[in-house]
Amino acid sequence: MMLFDFFILLRQELMITAIIFLLLFIKLGKERNNETILLLVNIFLFVNLAVGFCCNTEGAIFSGMFTTNTLVVFEKNILNLAIWIISMQSYAWLKTHKQVIEFYLLLLSSLLGMFFMISSGNLLMFYLGLEMSTIPLAAAANFDLAKRQSSEAALKLIISSAFSSGLLLFGISFIYGTTGTLVFSEMATQITNQPLQLFAFILLFSGFAFKISAVPFHLWTADVYEGAPVAVTSFLSVVSKAAVVFVLVSVLYTVFKSLSEVWYNIVFLIALLTIIVGNLFAIRQNNMKRFLAFSSIAQVGFILIGIAGSSQKGTASVIYFLLIYVFSNLAAFGVVSLVSAIKGKENISDYKAFYTTNPMLAWVLTIALFSLAGVPPTAGFFGKFFLLLAGTEKGSYWPITIAALNMVISFYYYLRVVKAMFMDSNEQPIGKIVIPGFSKIALFICVIGIIVTGLFSWIYDYIFSLSPSF
Amino acid sequence: MNEIPLSYILFVSTALFFIGMYGLFTRRNMITMLMAIELMLNSVNINFVAFNKYLFPEKLDGIFFTIFIITIAAAEAAVAIAIIIHLYRNHKSIDVDDASELKF
Amino acid sequence: MNLSLLIILPFITAMGILLSTGLKQVRIVALAGSFVQLGAAIFLLIQYWQERSAGNHSPMLFDVTYVWFAALHINYHIGVDGISIAMILLTASVVVAGILVSWDMEKLHKEFFFLLILLSLGAYGFFISLDLFTLFFFLEIAVIPKFLLIGIWGSGKKEYSAMKLALMLMAGTALIFVGLMGVYYAAHSFDIMEISQMHLPIEVQKFFFPFAFLGFGIFAALFPFHTWVPDGHASAPTAASMFLAGISMKLGGYGCLRVATFLMPDAAHAYSWIIILLATIAIIYGAFATMMQTDLKYINAYSSISHCGFVILGIGMLTQTSINGAVIQMVSHGLMTALFFAAIGMIYSRTHTRMVAQLGGLLKVMPFISTLFVIAGLCSLGLPGFSGFVAEMTVFMGSWQNPDTLYRIATILACASIVVTAVYILRATGKTIMGPISNTYSHLTDATWNEKLAAGILVAGIVLIGVAPFLINQLIVPGTENIMLQIGKAITIK
Amino acid sequence: MSASAIIFYLIAAFILGAGILSVTATKIFRSAIWLLFSLVGIAALYFWMQVEFIAAIQIIVYVGGIVVLIIFSIFLTQQSGKEMPKPSLQKVLFSILAALFGFLFSFQLIYEFGFNRMTNSPFNVTVETIGTQMLSTTEHGYILPFEVVSMLLLAAMIGCIVIAMKSNDEIANPHAESDAKLMIHTSISSLQNEKEK
Amino acid sequence: MSNYFYIVLIPLLPLATFLVLGIFGRKHFNALSGILGTFSLGVSTVLSFVAAQQYFFVDGKVNGIYQKIIAFKYTWLEFSPTVSIDMGIIVDPISVMMLIVVCFVSLMVHVFSLGYMKGEERFATYYAFLSLFTFSMLGLVLSSNIFQVYIFWELVGVSSFLLIGYYFEKPSAVAAAKKAFIVTRFADLGFLIGILILAFYGESLDIGTLIERLTSLQTYQFINITTAGFLGVSMLTWGLALVFIGGAGKSAMFPLHIWLPDAMEGPTPVSALIHAATMVVAGVYLVARLFPIFSMDGSALQIITYTGVFSALFAAIIACTQTDIKRVLAYSTMSQIGYMMFALGVAKQGGENGLGYMASMFHLFTHAFFKSLLFLGAGAVIHMVHSNDMKDMGGLRKLMPITHMAFLIACLAIAGIPPFAGFFSKEEILLAAYHSNKLIYGVALFTAALTAFYMFRLYFSIFWSKESHLHNTHGEGPLSMKIPLIILAICAIGVGFVPFSSFISSDGKGLDTHIDILFSIAPVGLTILSILLAANLYKNENAKPAKIATSMGILYQAAHKKFYIDELYLFITQKVIFPFIGQPIAWIDKNIIDGFMNLLSTITGEISEKIKQLQSGKVQQYALYFFGGISLLAVLFIYWWK
């Protein structure tokens with residue numbers, strides 16, 4: 001294989017690495033003020049995103065440890081887009097922060113880990129990628145150095161992720177022991193439903209479930225989201241979740257295909273639990289970040305239902321939904337981060353009469369929430385619809401009914417926020433917010449995405465054409 | 001040494017794993033929790049080595065996996081300890097139950 | 001005519017509203033837009049006549065299909081028959097009236113009119129779409145604006161009512177969704193006409209019909225899922241009440257007919273007795289509950305429950321005549337309730353109370369509004385010459401064609417409700433319009449031009465249907481015949 | 001029974017005993033030492049299994065790195081001497097139940113599976129094979145994970161520095177930084193000496 | 001036969017008047033509106049006379065039988081290919097007769113109102129309503145389709161509601177209007193269901209078709225409707241009985257009569273038009289219209305007969321005790337309609353047996369004139385005295401001679417003194433009753449006596465009795481009020497001599513009737529006796545009536561209190577329906593059904609409160625749950641699921 005192809009195949013990873021080293025040099029060089037740095041970084045990230053789109057080639061290198069194809073590239077592009085948006089949104093917060101570059105280094109290396117995880121061809125690479133995406137985040141979660149909660153969040157994240165990776169490894173060791181290989185493609189032939197392998201699978205699955213915070217492995221989520229800086233929270237809730245879901249889909253659909261009727265039930269069970277618990281917790285929350293945390297848990301439940309569908313539809317719908325989820329959730333987090341960075345307010349009760357002072361932001365947040373709730377014409381509607389559509393493939397209608405009815409609860413809490421912004425009165429509402437240019441761009445992109453992604457079907461068709469048939 | 005069957009070694013590793021888990025559950029001191037985690041990871045290492053040696057000696061997957069696990073364990077421990085120290089500065093305590101402001 | 005116009009026009013109007021500034025511009029734009037919509041609807045009607053008289057007997061006219069989500073066999077498929085055209089006309093006129101009565105809306109006027117138009121957009125789309133996905137899409141579009149309209153501009157315990165309405169309707173859509181899924185996986189298509197061609201397996205129908213019917217039934221205030229109606233209507237601002245009762249409750253009825261009954265006729269037969277039971281309860285129960293209300297809006301809301309009961313009854317009876325009746329009743333009730341709410345709103349905006357006990361003798365100071373009130377009342381108690389009579393009588397006639405004794409009893413009970421209706425309508429009229437006037441109201445003024453125009457449009461509709469019912473009858477009969485064809489198939493298969 | 005068997009039993013007993021003590025000891029310093037012993041025992045097990053290289057790494061990284069790090073951190077948090085708070089009884093109960101259940105369950109599964117397939121094919125894990133494979137891009141080459149892990153270590157190092165470094169208003173705390181640096185050093189060195197081979 | 005098409009104009013002219021006056025009248029030409037309305041109605045009247053002339057004397061009769069002619073027909077609403085509402089105009093003896101009655105009386109009332117209602121603020125509205133009523137009434141009598149009958153039936157109901165409630169600021173008026181509408185509505189429910197039954201079995205709504213299908217014993221429709229039954233009664237009987245209930249409601253038959261006395265709250269001319277001459281006889285007209293079908297079913301006729309005769313007696317008794325002159329007249333109306341009803345009840349289809357039918361129509365005809373005359377007279381009196389109560393009257397004969405004369409004539413007419421109009425019609429009725437059933441004959445006779453008694457009680461206590469204390473301020477009122485009185489008086493004398501039976505009979509052939517002197521002795525004698533008695537009691541103010549009243553005691557009280565029927569109704573509505581049906585339902589709706597919906601939300605909230613302990617914030621517990629989840633899944637899917 002030509003050396004050049006290596007670079008083509010690895011171009012996204014290489015881009016990230018290059019940015020990391022550039023940032024390192026900037027750091028080691030003379031002191032620069034944050035504005036310039038942030039400007040540079042955002043440009044880098046944009047370039048990075050752009051590079052992702054050029055020249056698609058498929059192939060596996062390093063003896064199958066690194067495999068890539070158009071779908072994988074697309075997934076990575078989604079993540080690139082997400083991190084670009086996040087970095088623009090966190091402008092207001094980072095402008096005054098001391099360790100901007102370090103922050104980006106951590107975020108980017110975690111992203112790099114995700115890339116390797118996504119295109120991993122064997123369990124070792126998968127494990128490395130997973131850890132690499134987790135450990136830096138734990139450090140990044142601590143970046144509000146002055147805040148007690150921040151470090152508590154970091155602690156909770158690192159401890160529980162270490163625990164979960166311990167269990168994951170335990171499972172992996174048994175898979176290795178029973179199949180004798182770490183390579184996915186070889187493994188798939190050897191997986192049968194022997195108890196030990198099932199157990200190993202469940203351990204592995206729990207590792208995934210932990211990362212995407214599915215019930216009952218979700219308990220760290222809310223605390224970490226609340227404690228961590230908003231930028232990290234949005235990264236956790238969007239990027240790392242999306243990455244793990246991508247892997248989960250491919251692993252379930254390829255490696256554990258032979259167990260499909262078992263994991264179908266498992267996934268469905270977990271999905272329903274996740275939706276219900278997520279909703280039940282979300283209706284009580286007052287802190288915006290915590291609220292969004294639980295709402296995102298509920299969203300994961302729906303994603304799992306889509307995964308359970310186990311069909312080409314399933315893959316396509318899940319990825320499609322994640323794209324939409326990126327836009328919607330980031331739009332919401334964008335507003336929240338602006339408010340918390342500039343006004344330092346994070347409670348829903350603070351948002352009362354928000355519309356009177358910041359109509360634009362209020363509309364953006366409303367649209368985002370509607371998209372999360374799945375109200376047309378926002379893209380969220382299409383996403384949810386297709387997820388449930390895919391989930392119904394195997395004809396389990398009662399669970400679908402439960403899920404659908406749970407959407408009503410979710411409506412309740414999303415509308416609660418809308419109500420607070422539009423209908424409630426407030427003595428001292430949040431003052432007028434001057435939106436920085438970057439945030440403006442980011443929010444604009446999100447809103448456009450929310451509108452366009454749903455109504456224009458070619459996006460879905462494209463994803464569908466990429467996604468493998470089950 | 002062949003009269004020691006694989007399952008004996010697995011017994012040891014499994015036992016060690018759950019000892020570690022027990023420690024994680026019970027210890028209130030964060031550093032000791034960390035130790036417990038190290039125990040768990042070590043038991044996994046034992047698994048890998050044992051499997052590799054007993055069942056699949058033709059390739060060295062298990063061995064390499066062990067090496068990487070060790071490395072990552074080190075990194076994880078380092079970050080964890082850094083966090084713990086910082087937390088200690090903020091909370092003036094490393095009792096895990098004191099670090100439970102975020103809840104419900 | 002290109003039906004997509006019916007979606008594009010509201011869209012353009014909405015955009016125009018967003019771009020314009022100040023109450024004056026906004027309302028002008030909104031009014032103009034709504035009038036254009038009305039014009040388009042009438043134009044559509046004319047074209048429809050021409051097509052039919054030209055001998056075009058295809059079940060759906062002007063139908064267009066664009067592939068939307070090819071992978072999932074989702075098409076943007078639209079087309080109309082008489083029933084949908086009737087509904088579209090209803091929507092258009094109610095929209096015009098609603099915009100006219102909220103002419104002086106000061107608070108957040110831009111958003112207000114925008115949401116009104118958005119709601120109408122959803123309704124139009126719903127009525128013209130022939131693809132279940134599109135239908136569902138527009139159905140949900142029509143829900144959320146109600147929440148905001150009630151919650152922001154409403155009165156009383158508005159947040160509660162808004163939330164209740166939104167949640168119950170969303171539960172409805174959830175049920176509908178499950179129904180759609182079932183149909184989709186049985187037929188591997190979302191296209192209503194296609195599905196109607198193939199005959200779904202009986203057990204599938206039996207399992208999913210309840211979901212679909214119940215879901216739409218919640219929209220149509222089917223007992224016992226009607227409780228969003230009173231609070232929602234009572235708390236809503238005038239225009240929103242008009243839209244709610246005039247348009248969005250019709251979405252439910254239309255859905256019950258077009259989706260549930262049309263696609264799953266066997267199940268419709270199997271469950272018809274339950275439907276009829278619920279409908280009869282709703283009719284009687286709603287009527288008696290109305291008798292006890294003291295707030296004008298509550299009176300009208302509860303009477304809406306009773307009247308929508310007729311729609312459900314007509315559908316449940318599954319005879320051509322009764323279904324005709326159901327459709328006419330939808331249109332008639334839409335216009336009539338809208339008028340009623342408009343009148344109540346006018347009274348409220350002047351007297352600042354809706355309590356029957358506190359009003360009286362308004363006929364002296366505001367004869368025009370009082371006349372409207374009386375007309376709406378008489379229409380609602382089914383006086384000949386107004387649309388209500390035609391609708392109810394058609395339903396009765398159709399229901400009576402079922403020789404089964406239980407159905408007969410249901411019909412008789414339904415008929416009996418007209419007496420109760422008379423009681424509460426006359427009570428309300430006697431207390432508010434007639435009787436001695438308290439001198440706090442003696443200085444009040446009569447309707448303004450916009451209110452008169454709004455009322456005029458609605459009254460015209462009511463009277464037109466009441467005096468010349470054969471027009472609407474000819475309009476809808478081909479559609480209902482088409483539905484009867486399905487039902488007929490079902491019987492023969494049984 | 002043969003000598004190696006007896007050795008195995010001894011090692012196993014030592015590992016488990018030390019492990020149990022390390023998670024139950026009341027003085028934190030002691031439990032650190034017990035952990036040390038347990039890790040050494042594991043190293044011994046590796047020796048017994050004739051995978052000397054792993055044993056070596058085990059000793060260098062764990063004993064030389066992590067445990068030292070832990071002990072440093074114990075000193076940093078001025079905890080060394082005093083008794084640690086007892087966990088609540090109910091917590092202990094649940095934990096014991098969970099651990100026991102987990103152990104029995106999984107071991108039962110393992111036993112059921114019974115890894116009886118024993119190959120007598122030679123298992124020679126020489127250092128150079130490891131070294132070459134570690135850096136080869138061909139079949140069974142581990143260069144990619146190796147690079148990835150080095151990136152990971154870099155990231156971890158940065159993270160440690162940022163977190164542990166006192167912000168400017170406070171007085172710099174040498175230890176924290178040095179901990180991190182030292183740890184990174186050890187782990188990287190452990191990789192270095194593979195490279196050399 | 002399109003040469004009757006102009007009849008369409010007869011109802012349409014008043015409709016046009018209604019629209020014009022209703023929309024523009026009040027603003028633009030309030031004062032002129034009376035003239036306008038009267039004029040247009042005058043045209044209609046002329047047309048109706050022309051129509052009558054053409055029908056009865058020119059081309060109505062084809063080989064000895066008066067034809068049923070459909071002058072005009074348009075399919076208004078098609079329920080199904082067979083069943084549809086057709087707006088049509090039927091021309092046959094009774095419809096033409098009614099046409100004349102309605103137009104003529106209505107015209108009289110229009111003229112009378114010119115003076116009586118002068119200076120009213122809502123003068124135009126009044127005339128608009130009058131025109132609306134006239135239109136509806138005409139439409140009703142001309143209907144060729146039973147559902148069309150129902151439509152106009154409702155319309156007359158609502159216009160009567162509007163006219164009764166004309167003085168909308170008087171609570172009593174509003175209450176009376178509501179009562180009238182609701183009671184009749186209740187009856188109409190019966191009518192509606194009756195229609196449904198007849199239409200279902202007769203498979204048509206067209207009266208002609210229905211009659212021919214349900215009167216010949218062979219048609220399968222007839223066989224179906226007679227064989228099908230409910231609660232052991234044949235569907236034919238059910239249908240007819242229900243239709244009759246509708247008629248009874250409009251015609252104030254016992255027990256649905258309660259609205260009629262209260263309806264007197266309306267302006268007096270209105271009472272004269274609606275509640276004396278036209279609307280109240282709609283029930284009779286309905287039965288007559290469907291008489292061929294009724295005649296097929298004995299039991300239905302029985303019901304009609306006994307309801308009618310009982311109402312006649314019952315009303316007469318009450319009338320003797322009332323002191324409000326309009327109420328007296330109201331009850332007398334009820335009693336007279338009772339006559340008409342049982343006359344129909346005792347009749348049979350065709351030939352001599354059809355005498356009752358003819359008699360009833362005849363009485364309807366004559367009654368229209370003298371009863372409206374009575375009401376207008378009473379109106380004039382009230383206009384003078386500004387009170388309805390006998391006690392405030394007396395000795396008015398000097399003050400208002402014309403009214404006095406007219407009133408006297410009317411009283412004689414209603415009492416049935418030859419040669420006044422009432423005599424002839426009443427004779428026929430009694431004759432018919434005598435031939436069919438002696439008991440009924442007896443009751444009828446007694447009622448006739450009572451009628452004479454209370455009418456003259458009324459007459460004497462208004463015009464004689466004590467001397468009038470009020471001195472003649474304004475004369476008898478304007479000319480517009482006198483002329484109608486005079487014209488109607490002449491009619492009350494004259495119409496008896498119309499050879500009615502030759503025009504109208506059950507089978508259209510006409511039959512020759514003659515006054516049998518021997519037969520007339522009994523009724524006339526009785527009548528004269530009771531007139532004398534009344535004169536004795538009331539001609540001069542004295543204490544006798546009071547004595548008698550006290551001597552009658554409880555009986556008198558009961559009659560005076562109208563036998564407590566109103567109270568009964570009040571009890572049922574206020575004490576039964578509202579508290580025991582309405583309120584419980586309202587309560588259930590608020591607390592149980594809506595409560596359930598709210599309960600769901602509260603439960604959800606509760607649960608979420610309960611389970612919040614899961615999120616304890618302690619990372620070790622999280623780990624515990626984590627492992628718990630794993631073990632659960634493991635156990636579940638490794639051991640149970642297979």
Side-chain angles (χ1 to χ4, degrees), chain A residues 312-313 316-317 320 355-356 359 363 366 370 373-378 381-382 384-386 388-412 414-416 418-424 454-465 467, chain C residues 11 18 66-72 74-76 108 110-111 118 121-122 125 133-134 136-145 147-148 150-154 158-160 162-164 166-182 184-186 190 204 207-208 211 215:
Chain A
Q312 191 174 4
K313 273 198 214 96
S317 307
Y320 179 65
Y355 185 72
T356 57
W363 273 122
T366 312
F370 280 165
V375 175
T378 61
F381 169 77
F382 297 87
K384 279 242 172 72
F385 193 100
F386 297 158
L388 292 177
L389 183 76
T392 326
E393 182 84 31
K394 290 229 176 108
S396 45
Y397 287 101
W398 286 118
I400 288 293
T401 316
I402 296 171
L405 285 176
N406 263 281
M407 284 181 71
V408 178
I409 304 180
S410 65
F411 269 108
Y412 168 71
Y414 289 122
L415 291 182
R416 217 175 111 235
V418 177
K419 168 177 160 298
M421 288 192 299
F422 284 86
M423 305 170 192
D424 294 351
L455 290 172
F456 293 84
S457 58
W458 54 265
I459 299 172
Y460 183 83
D461 295 337
Y462 177 66
I463 297 173
F464 191 84
S465 65
S467 42
Chain C
F11 180 74
L18 286 188
Y66 305 112
V67 176
W68 196 0
F69 289 93
L72 305 173
I74 290 172
N75 302 331
Y76 169 77
L108 296 179
K110 187 183 275 191
E111 292 78 354
L118 190 64
L121 186 152
F133 179 83
T134 328
F136 189 70
F137 174 77
F138 284 115
L139 179 65
E140 284 212 5
I141 283 188
V143 171
I144 286 303
F147 169 76
L148 294 170
I150 296 175
I152 300 177
W153 293 273
K158 52 184 177 145
E159 285 93 353
Y160 168 77
M163 193 57 90
K164 187 178 189 176
L167 292 187
M168 289 187 75
L169 293 189
M170 278 305 168
T173 55
L175 294 178
I176 294 169
F177 172 80
V178 179
L180 295 195
M181 286 300 103
Y184 175 69
Y185 278 106
F190 272 126
V204 171
F207 185 78
F208 291 107
F211 283 101

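Below, read A as the first sequence line, B as the second, and so on, with proteins coming before strands; counting in each chain starts at 1.
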Next on the checklist: Whether the side chain of A:Tyr397 engages the backbone of C:Gly179 through a donor-acceptor N/O pair (distance < 3.5 Å, no angle test) should be reported.
Outcome noted: no

Checklist entry - Contact part of A:Leu455 toward chain C, heavy-atom cut-off under 4.5 Å: side chain, backbone, both or neither? => result both

Checklist entry - Do the two ring centres, one from A:Phe422 and one from C:Trp153, sit under 6.0 Å apart? => result no

Item to check | Among the listed options C:Phe138, C:Phe177, C:Phe136, the residue most often paired with chain A at heavy-atom distances under 4.5 Å | outcome: C:Phe177

Checklist entry - Hey, which of A:Tyr460, A:Phe386, A:Phe382 is the one that makes side-chain contact (heavy atoms from CB on, under 4.5 Å) with C:Ile74? => result A:Phe386

Item to check | Structural part of A:Ala390 lying under 4.5 Å from a heavy atom of chain C | outcome: backbone

Next on the checklist: Run the salt bridge (Lys or Arg N to Asp or Glu O under 4.0 Å) test against A:Lys313 and tell me which residues pass, sequence neighbours left out.
Outcome noted: A:Glu393

Checklist entry - Which atom names give the shortest non-hydrogen contact between C:Trp68 and A:Asp461, and what distance separates them? => result O-OD2, 4.1 Å

Item to check | For A:Pro377 against C:Ile141, the heavy-atom pair lying closest together | outcome: N-CG1, 4.2 Å

Next on the checklist: Please classify the contact of A:Phe381 with chain C as side chain, backbone, both or neither, using a heavy-atom distance under 4.5 Å.
Outcome noted: side chain

Item to check | chain C interface, residue from A:Thr366, A:Leu389, A:Thr378, A:Asp424 that has the most non-hydrogen pairs under 4.5 Å | outcome: A:Leu389

Item to check | A:Phe385 vs C:Phe133, ring pair (Phe, Tyr, Trp, His ring centres under 6.0 Å): CA-CA, chis, key distance, verdict | outcome: CA-CA 9 Å; A:Phe385 193 100; C:Phe133 179 83; 4.7 Å; yes

